[in-house]
Amino acid sequence: MNTSLLYPRVTATRRVVSLDGMWKFQFDPKQEGVAAGWTAGLPDACSMPVPSSFCDIFTDKDSREYTGDFWYETDFLVPGEWKGREVVIRFGSVTHKARVFLNGVEICSHVGGFLPFNAVVTDAVKYNEVNHLAVLANNELSETMLPCGLTQTLSNGKKVSAPYFDFYNYAGIQRPVKLLCLPKESVVDYEVKFALNGADADVDYTVKTTGDGCVGVELLDAEGKLVAESCGKTGKLHVKDAKLWNVHASYLYKIVIKIWNGDDVVDEYYDTLGIRTFEVKGDKLLLNGKHVYLRGFGKHEDSDIRGRGLDLVTVKRDYECLKWVGANCFRTSHYPYAEEMYYMADEEGFLIIDETTAVGCMESTMNFLAANQGTGKKAGFFEKETTPQLLAHHREVLHDMITRDKNHASVIAWSILNEPQCTSVGTEDYFKNLFDYAHELDVQKRPRTYAIVMMSLPNTSRGQQFADIISLNRYYGWYAMGGTGIVDAEAAFRKEMDGWNQVRNGRPVIFTEYGADTLSSEHKLPSVMWSQEYQNEYLEMNNRVFDSYDFVQGELMWNFADFQTTEGIMRVNGNKKGAFTRQRQPKDVAYVLKNRWEKLPVDYKGDK
Ligand code: CKX
């Protein structure tokens, strides 16, 4: 069992071969594949690119909306020189469930569609020969798995997804697949925490390995010069005149970890490392001890045709747009993103609020709007017979997300849930368990938060007491009091903010969502809802409110770009709250944001 979630790297002791490309693919609506021997070869397969979501590639609706079991297969050769070493197939993500078979033998299974897992195939591979890899995946939603939803059966017998969340249930092998060759004794994980002492910094590290060999750790600067070294599985690297990682001014060191056997290097792993501290102090957010005001978006991994499949062109374009508009932060709503996104944030100096897949934790009526929110009366989502199962899965997701992402300088906070039903008593045990676990897992003790749905108010919201940052998703002027009602929306918004001020106990408040659906085709003077003019007016009203409360320390608009959802009367072929279109072109509101965010000082509302 190799549980290492380290990002794959080629070093003197490690090899990485990409298995991405055109694979074979077949739906299995009758779940007959295993019994019928499909692990040896799919009987009626078509081609399918990996990574990608299969859905939007097809031109017929049954295929796009397909819900159930589906198969992928490919062949690959394992070099003979790899004999005696550990051979692993690393999946960046398979949405939502996977069973992996190599040469007909079941190797492992995995639940959860947005984090990596390893299939250790050391004993199942044939060297210098072609190996046959088959993956049985499933994209059904349930209430015991994240994200939550239902799987329904239509009268024609076809299954469909009924998400409790507002994004399309894209599925497939959506992130890269890599074949790894590792030494038997290898680095499994490492973690770091930082302390700044005047101009210097201390990096406390812990390394996990599979054996007892001597561990040595080196820190190189951006020019490759050794600046600190230490030995042992735990230790301290003292960095003189440390160059700190900062917003839009990143500086990345390289950490090199080696396992030694006498003079021989048994394993070597390296990673990039930004030195920085991040903390909540009173109602301020401090990066390297200096105040920072967050501005940016909630995002999605979502683009035309590719769906949620990793597309580096889109990743790069998104960062270009984020820089252009003056953003410094985004939330990985509503799942951990592909690792490439975090490495680029480290490089570009962006701040990330890293979110688990806990979205849809409410029984909803229209994908995302719950009937019983805010009443505090009905039995809650976390008081079901199945809650223990959900909690166990949620803990696994939190564990793997923090394990995978904890060393990124860009990651400043953990968002443990998005818009859960959180007005009933059961919320508290569920939340406490996870919020405590996040602190246990993260040596840097990053602040923990969750995005609070608009119907959970200061006096009805249970669970907010566990958050280090209060994150609000608010839609005054859109879902509540929209159109001409926007005049009253502002007053109602302010009243609620006064309420949060009463219960926030000195903590900062940020907005993790605010936004208005807007069609890029619509202009209207005077404005109407859905027009670009209305989106601007909506934003101006929200900005006025944000600016008048000092404890508001961040604004992440919903959403960075228009994105796909399931079809329905509330959506025009997707959610249109983007500042950019789905094709990443600016709507008018992007210029309003740019104008504001470029003028706001980094330490806006900091201590004078
Ligand atoms: N928040 C009333 C979660 C997001 C949705 C967003 C929306 C909701 C609002 C909840 O995933 O897209 O409706 O635009």
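Order of appearance sets the numbers: ligands from 1, and atoms from 1 within every ligand.
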Checklist entry - Would you say Arg571 has any N or O atom under 3.5 Å from an N or O of ligand 1, going by distance alone? => result yes
**Message:** Tell me whether the rings of Tyr319 and Phe330 are parallel (<30°), tilted (30 to 60°) or perpendicular (>60°).
**Reply:** perpendicular
Does Phe563 have a heavy atom less than 4.0 Å from any atom of ligand 1? yes
- prompt: Quick one: does Asn575 get a heavy atom under 4.0 Å from ligand 1?
  reply: yes
Validation row, ring centre His291 to ring centre Tyr604 under 6.0 Å: no
- Task: Assign the ring pair His110 / Phe117 to parallel, tilted or perpendicular, where the plane angle (0 to 90°) is split at 30° and 60°.
- Result: parallel
(Q) For Trp558 together with Phe167, are the ring centres under 6.0 Å from each other? (A) no
- prompt: Any N or O on Asn473 sitting closer than 3.5 Å to an N or O of ligand 1?
  reply: no
Here the atoms of ligand 1 under 4.0 Å from any heavy atom belonging to Lys577 are 7 (C), 13 (O), 14 (O)
- Item | side-chain hydrogen bond (donor to acceptor under 3.5 Å, both in side chains) assessment of Glu533 paired with His523 | CA-CA 6 Å; Glu533 286 71 13; His523 280 287; 2.8 Å; yes
* Mutual orientation of the aromatic rings belonging to Phe466 and Phe435 [parallel < 30°, tilted 30-60°, perpendicular > 60°] -> tilted
Within the 4.0 Å heavy-atom cut-off, what Tyr479 brings close to ligand 1 is side chain
Tell me if the aromatic rings of His300 and Phe560 count as close, with their centers under 6.0 Å from one another. no
For His334, the ligand 1 atoms with a heavy-atom partner under 4.0 Å come out as 3 (C), 4 (C), 11 (O)
Within the 4.0 Å heavy-atom cut-off, what Phe167 brings close to ligand 1 is neither
Among Glu419, His300, Glu513, Met454, closest by heavy atom to atom 10 (C) of ligand 1 is Glu419
